[in-house]
Amino acid sequence: MFILALSLLHIWMFLTSGVAQNVSIGALLPPGINSTQWTIAASKADKFISQLNLTEKAGIVTGELTGTCLEYVAPIERLGFPGLCLADGPAAIHLADKASVLPAGLTAAATWDRNLLYQRGLALGAEFRGKGANIALGPVAGPLGRNPLGGRNWEGFSRDPYLTGVAMDLTIRGVQDNGVQACAKHYIGYEQETQRSNTTTADGKNVDGYSSNIDDRTLHELYLWPFADAVRAGVASVMCSYNRLNLTYSCENSHSLNGILKGELGFRGFVMSGFFATHSGVKSVLAGLDMDMPGPTAETNLGETFFGPNIVSAVQNGSLSEARMDDMLRRILTPYYYLGQDKNYPSVDPTTELVIAANYGLLPVDTPTPSGRNVRSDHARLIRQLAASGTVLLKNVNSTLPLRSPQVIGVFGNDAADVSDGLAFDGSTGSLTPPFGFNIGTLTIGGGSGGGRNPYIVSPLEAIKARARQDGSRVLYVTDNSLLAQDVFTSVYPSPDVCLVFLKTWSREGADRIAFEADYDSTAVVNNVAARCPQRTVVITHSGGINTTPWATNPNVTAILAAHYPGQESGNSIVDVLYGDVNPSGRLPYTIAQQEADYNTQILNITGPEAEESWAWQVNFTEGQFIDYRHFDAKNITPLYEFGYGLSYTTFALENGLSVSRTSRGAISPFPPTINNNNNTSAGGNPALWTQLLNATTTVGNTGSIAGSTVVQLYVSLPQDAVPSGTPVRVLRGFEKIYLEPGARQTVSFPLTRRDVSSWDVESQNWRIPEGNISVHVGFSSRDLPYHTAVRVL
């Protein structure tokens with residue numbers, strides 16, 4: 001049976017129990033791999049491998065670029081092996097017809113809702129399976145978001161590794177509970193698009209991609225953390241990234257792949273390359289790369305490959321052992337059997353190849369296009385719920401929101417309207433050129449391989465009109481930002497009772513953002529509208545990341561909503577929040593600064609002669625762990641809106657303080673003990689790291705008059721005098737989203753594991769619990785922590 005019963009059972013037990021549970025769902029989930037079933041699958045893989053000749057073996061580890069999928073492993077007909085279809089991306093089946101576009105990873109993280117994170121993964125997995133895709137290329141933990149202007153930050157979840165790790169875990173379990181292989185990407189240090197891989201100068205000189213130079217402790221405690229969660233969740237594959245890591249390309253970095261991923265974390269699946277991220281053959285194989293995608297060395301050189309025949313020759317001449325070749329195959333094929341993909345798995349939707357060809361201008365206009373499979377099911381409902389839940393209310397003066405049947409509604413901004421330039425937000429074709437993408441139309445998702453082909457888009461203007469018809473309201477609108485920025489919209493009459501301004505920020509693969517403010521003269525647009533709509537202007541942003549908001553203190557701007565990338569139900573989800581059908585409960589998965597200079601990291605963008613020198617493209621992560629709220633805390637900088645922040649239409653309060661108790665009997669050692677004599681390499685690393693040592697408890701109550709949800713957050717501070725310099729003031733180590741009726745209250749418990757209260761010890765190469773008192777804080781954001789207590793673990 002393709003559904004992993006054990007994983008699904010544990011997920012269902014907790015997610016269907018709603019708010020009655022007083023424990024953290026994620027911390028109690030078992031490892032995502034059932035060892036007995038994995039061993040059976042590995043035996044099936046070995047039996048299949050024994051029947052392959054050397055050329056067939058090389059074919060399985062080498063991708064193909066042309067065929068039924070954009071990336072695929074070719075079938076072996078004589079043995080009945082149908083091949084493997086790989087498909088982007090983390091929020092949609094990239095470019096597929098009759099498939100959904102779900103909210104971006106960033107939006108999902110802003111929900112802080114474990115249930116919805118799992119349900120999103122489950123829906124994605126169902127659609128990938130329905131289209132016959134064996135491997136879903138997602139979710140994303142890299143980029144983590146070191147650079148606020150990183151072009152692909154929206155594909156991932158949060159600038160915090162704990163929140164990202166929980167999102168990775170639950171998304172992977174959701175995808176793989178459908179029998180679809182998930183792929184955690186991009187491993188590791190992939191934190192900007194500019195010079196992400198090698199380029200060639202006009203005179204043919206090679207210029208290497210940038211090198212992310214990361215110290216060992218920062219790597220473990222920040223960038224590796226969510227990948228450890230992914231491995232523990234049982235992810236089938238990990239994608240190595242484009243960039244260099246400490247001067248060696250990620251896909252040929254033996255220390256990172258063999259030493260850390262496969263060794264320390266006990267990863268038993270396969271490592272595949274990013275699209276054209278392979279730079280060598282045998283060298284990469286020996287370093288830990290198991291599958292080269294898409295096969296050719298470059299789009300301009302489709303006839304050559306680093307793998308394929310070169311791997312055959314390497315085995316024949318002894319430069320590569322056949323044992324390593326078989327290890328590659330075992331890693332690739334075991335997840336295939338483990339997830340039951342050898343049993344009645346759907347064939348690839350026959351329209352897939354046509355859709356891909358059409359997107360790249362390779363399909364003649366007179367080609368018949370048969371109808372593909374509709375895999376959307378009732379996912380529109382979930383998409384709408386996710387997007388509303390991921391909308392963060394940042395400001396709400398004088399109870400501007402929710403709207404109460406205003407008679408005249410003004411809608412402004414080019415993000416409010418229907419899309420004027422098609423439904424596929426690819427970003428690499430057509431008129432979607434950097435830096436701002438298409439002009440008119442609401443922004444549902446970012447560009448590049450992480451985007452999708454919307455089956456439809458409900459624009460905010462469309463949804464507001466529909467709601468206004470129900471209420472007997474009148475809607476006036478101007479969606480041309482060039483007019484709004486020039487204050488040329490005198491046609492608006494009478495004066496609206498409320499003005500809704502929709503802003504957007506385009507973000508895509510292959511290019512980093514160039515500005516913190518929203519696109520298309522956003523500040524002028526807001527200020528001009530606000531001047532005509534005193535003390536009743538509401539600003540809504542659809543963005544792929546952090547925006548500075550110089551208009552936030554404008555007294556006429558009385559409400560602000562950050563709605564991120566909401567997916568195809570954009571208008572419906574924001575109307576649900578604007579009118580109070582959904583009480584906003586999103587929380588920021590990043591920090592919004594008062595000014596862009598408050599951020600301490602930036603894109604490395606070299607110009608002039610040095611740009612043609614590989615040595616120049618080095619990004620030194622000298623800030624260590626101090627990104628986002630960790631940096632603001634360390635430097636005592638007051639943000640405009642802090643990490644974890646978000647308002648509601650009701651109010652919540654913590655009651656009875658915070659209590660922390662030890663749950664482990666007997667003495668606790670500073671270092672995790674060896675467990676099961678398994679060389680400490682169970683999935684995710686030493687299983688002792690997930691042993692619960694502490695339990696923190698508090699009570700939250702709804703003190704307002706409206707039902708709603710809040711997110712209770714737990715932060716841990718390690719004793720600064722017992723840990724090395726560079727340790728953050730506090731770090732997120734727990735959260736729970738709680739729904740409460742007015743006057744209701746609930747006890748919330750946070751299990752804290754050994755890993756949660758440890759730091760990485762460079763000398764011992766192990767996680768270590770420090771001596772001294774560990775402080776535990778609880779509250780509603782990284783800066784709203786009314787209760788704290790100290791506990792000694794050792």
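Heavy atoms only: backbone and side chains are in, while hydrogens, waters and symmetry mates are out. This one's a predicted model, so the numbers in the text were calculated from it and none came from an experiment.
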Practice problem: Measure the spacing between CZ of Arg532 and CG of Asn527 and express it to the nearest 0.5 Å. | Solution: 13.5 Å

Quiz item: After noting the C-alpha distance and the side-chain angles of Arg120 and Leu102, does the key distance pass the side chain to side chain contact (heavy atoms under 4.5 Å, CB included) rule?
Solution: CA-CA 8 Å; Arg120 177 176 177 270; Leu102 279 77; 3.7 Å; yes

Quiz item: Does the side chain of Thr444 come under 3.5 Å of the side chain of Ser570 through a donor N or O and an acceptor N or O?
Solution: no

Practice problem: Consider only side-chain N and O atoms of Tyr190 and Gln192, and report whether a donor and an acceptor are under 3.5 Å apart. | Solution: no

Exercise. Please name the residue in the list Val539, Leu647, Leu401 that meets the side-chain contact (heavy atoms from CB on, under 4.5 Å) test with Leu561.
Key: Leu401

Quiz prompt | Closest contact, heavy atoms only, Pro566 versus Ala387 | solution = O-CB, 3.4 Å

Quiz item: Does any donor atom in the side chain of Ser449 or Glu509 lie under 3.5 Å from an acceptor atom in the other side chain?
Solution: yes

Quiz item: In Å, rounded to the nearest 0.5 Å, how long is the span from CG of Leu785 to OH of Tyr715?
Solution: 6.5 Å

Exercise. Evaluate the side chain to side chain contact (heavy atoms under 4.5 Å, CB included) criterion for residues Ile592 and Leu394: first the C-alpha distance (whole Å), next the side-chain angles of each, then the deciding distance (0.1 Å), finally the verdict.
Key: CA-CA 10 Å; Ile592 298 178; Leu394 298 175; 3.9 Å; yes

Quiz item: Nearest 0.5 Å, what's the CG-OG distance between Asn583 and Ser709?
Solution: 7.5 Å

Quiz item: Going by heavy atoms in the side chains, are Ile445 and Trp154 under 4.5 Å from each other?
Solution: yes

Quiz item: How far does NE2 of His379 sit from CD of Glu127, to the nearest 0.5 angstrom?
Solution: 5.5 Å

Practice problem: Check for a donor-acceptor pair, side chain of His564 on one end and backbone N or O of Gly390 on the other, with a separation under 3.5 Å. | Solution: yes

Quiz prompt | ring pair (Phe, Tyr, Trp, His ring centres under 6.0 Å), paired with Trp112, selected from Tyr645, Phe643, Phe157 | solution = Phe643

Quiz prompt | Least distance between heavy atoms, His542 atom then Asp415 atom | solution = ND1-OD2, 2.5 Å

Quiz item: Which is it for Arg114 and Val166 under the side chain to side chain contact (heavy atoms under 4.5 Å, CB included) test, yes or no, and what are the steps along the way?
Solution: CA-CA 8 Å; Arg114 297 174 187 269; Val166 171; 3.3 Å; yes

Exercise. Using distance alone, with no hydrogens and no angle criterion, decide if Glu623 and His631 have a side-chain donor and acceptor under 3.5 Å apart.
Key: no

Self-check item: Any donor-acceptor N or O pair under 3.5 Å, side chains Lys737, Ser585
Solution: yes

Quiz prompt | Thr505 and its side chain to side chain donor-acceptor pair (under 3.5 Å) partner, picked from Thr541, Asp519, Asn547 | solution = Asn547

Practice problem: Measure from NZ or CZ of Arg467 to the centre of the six-membered ring of Tyr579 and say whether it is under 6.0 Å with the direction within 45° of the ring axis. | Solution: yes

Practice problem: Answer yes or no: is there an ion pair linking Asp576 with Arg384, defined by an N-O contact shorter than 4.0 Å? | Solution: yes

Quiz prompt | Check: Phe436 ring centre within less than 6.0 Å of Tyr520 ring centre | solution = yes

Exercise. Answer whether the closest heavy-atom distance between the side chains of Tyr641 and Lys395 falls below 4.5 Å.
Key: yes

Self-check item: Test side-chain contact (heavy atoms from CB on, under 4.5 Å) applied to Leu654 - qualifying residues, sequence neighbours left out
Solution: Thr698, Val700, Val712, Val778, Phe780, Pro786, Tyr787

Quiz prompt | Ionic contact status for Asp628 with Arg159, cut-off 4.0 Å | solution = yes

Exercise. Give the minimum heavy-atom separation between Leu640 and Ala552, together with the two atoms involved.
Key: CD2-CB, 4.0 Å

Exercise. Please indicate whether Tyr456 has more than 12 foreign heavy atoms, meaning atoms of other residues, nucleotides or ligands, lying under 6.0 Å from its OH.
Key: yes

Self-check item: Identified side-chain contact (heavy atoms from CB on, under 4.5 Å) counterpart of Leu503 within the set Asn414, Asp521, Val526, Thr549
Solution: Val526

Quiz item: Is it true that Asp497 and Arg536 have a side-chain N and a carboxylate O under 4.0 angstrom from each other?
Solution: no

Quiz item: Is a side-chain N or O of Arg730 found less than 3.5 angstrom from the main chain of Asp633, in a donor-acceptor match?
Solution: no

Quiz item: Got Val492 and Val478 here, is their nearest side-chain heavy-atom distance under 4.5 Å?
Solution: yes

Self-check item: Min side-chain heavy-atom separation Leu149-Gln602 under 4.5 Å
Solution: no

Exercise. Please report the shortest heavy-atom distance between Lys185 and Pro90, naming the atom on each side.
Key: NZ-CD, 4.3 Å

Quiz prompt | Thr523 side chain to Glu517 side chain, donor-acceptor N/O pair below 3.5 angstrom | solution = yes

Quiz prompt | side-chain hydrogen bond (donor to acceptor under 3.5 Å, both in side chains) between Ser459 and Thr442, worked out | solution = CA-CA 6 Å; Ser459 70; Thr442 191; over 6 Å; no

Quiz item: Rounded to the nearest 0.5 Å, how far does CD of Gln568 lie from CD1 of Ile383?
Solution: 3.5 Å

Practice problem: For the pair Phe128 and Val175, evaluate side chain to side chain contact (heavy atoms under 4.5 Å, CB included) and give the outcome as yes or no after the intermediate values. | Solution: CA-CA 9 Å; Phe128 275 85; Val175 169; over 6 Å; no

Self-check item: Side-chain heavy atoms of Lys635 within contact of Asn600, under 4.5 Å
Solution: no

Quiz item: Has the side chain of Gln746 got a donor or acceptor atom that lies under 3.5 Å from a matching backbone atom of Leu740?
Solution: no

Self-check item: Test log, rule side-chain hydrogen bond (donor to acceptor under 3.5 Å, both in side chains), inputs Glu642 and Thr591
Solution: CA-CA 5 Å; Glu642 71 269 18; Thr591 297; over 6 Å; no

Practice problem: Over all heavy atoms of both residues, which pair between Val525 and Ala485 is shortest? Give the atoms and the distance, please. | Solution: CG2-N, 4.0 Å

Practice problem: Report yes if the side chains of Arg508 and Glu193 come closer than 4.5 Å at any heavy-atom pair, otherwise no. | Solution: no

Quiz item: Do Asn147 and Asp512 meet the criterion of a side-chain donor-acceptor pair at a distance under 3.5 Å?
Solution: no

Exercise. State whether a side-chain donor-acceptor pair under 3.5 Å links Gln535 with Thr558.
Key: no

Quiz item: Atom OG1 of Thr194 and atom CG of Asn605: how far apart are they, to the nearest 0.5 Å?
Solution: 5.0 Å

Practice problem: Answer yes or no: does atom CG of Asp378 have more than 12 heavy-atom neighbours from other residues, nucleotides or ligands under 6.0 Å? | Solution: yes

Self-check item: Selection residues 459-518 - residue pairs positive for disulfide bond (SG atoms under 2.5 Å apart), sequence neighbours left out
Solution: Cys499-Cys533

Quiz item: Under 4.5 Å between any side-chain heavy atoms of Val575 and Ile464, yes or no?
Solution: yes

Exercise. Please identify each residue that fulfils side chain to side chain donor-acceptor pair (under 3.5 Å) with Thr601, with sequence neighbours left out.
Key: none

Practice problem: Ignoring hydrogens and angles, state whether a donor on the side chain of Asp160 or Ser158 is under 3.5 Å from an acceptor on the partner side chain. | Solution: no

Self-check item: Heavy-atom closest contact (Arg783 atom, Pro639 atom, distance)
Solution: NH1-CD, 3.5 Å

Exercise. Taking atom types as modelled, find out whether Ser389 and Asp113 have a side-chain donor-acceptor pair closer than 3.5 angstrom.
Key: no

Quiz item: Are side-chain heavy atoms of Tyr477 and Lys465 found at a separation under 4.5 Å?
Solution: yes

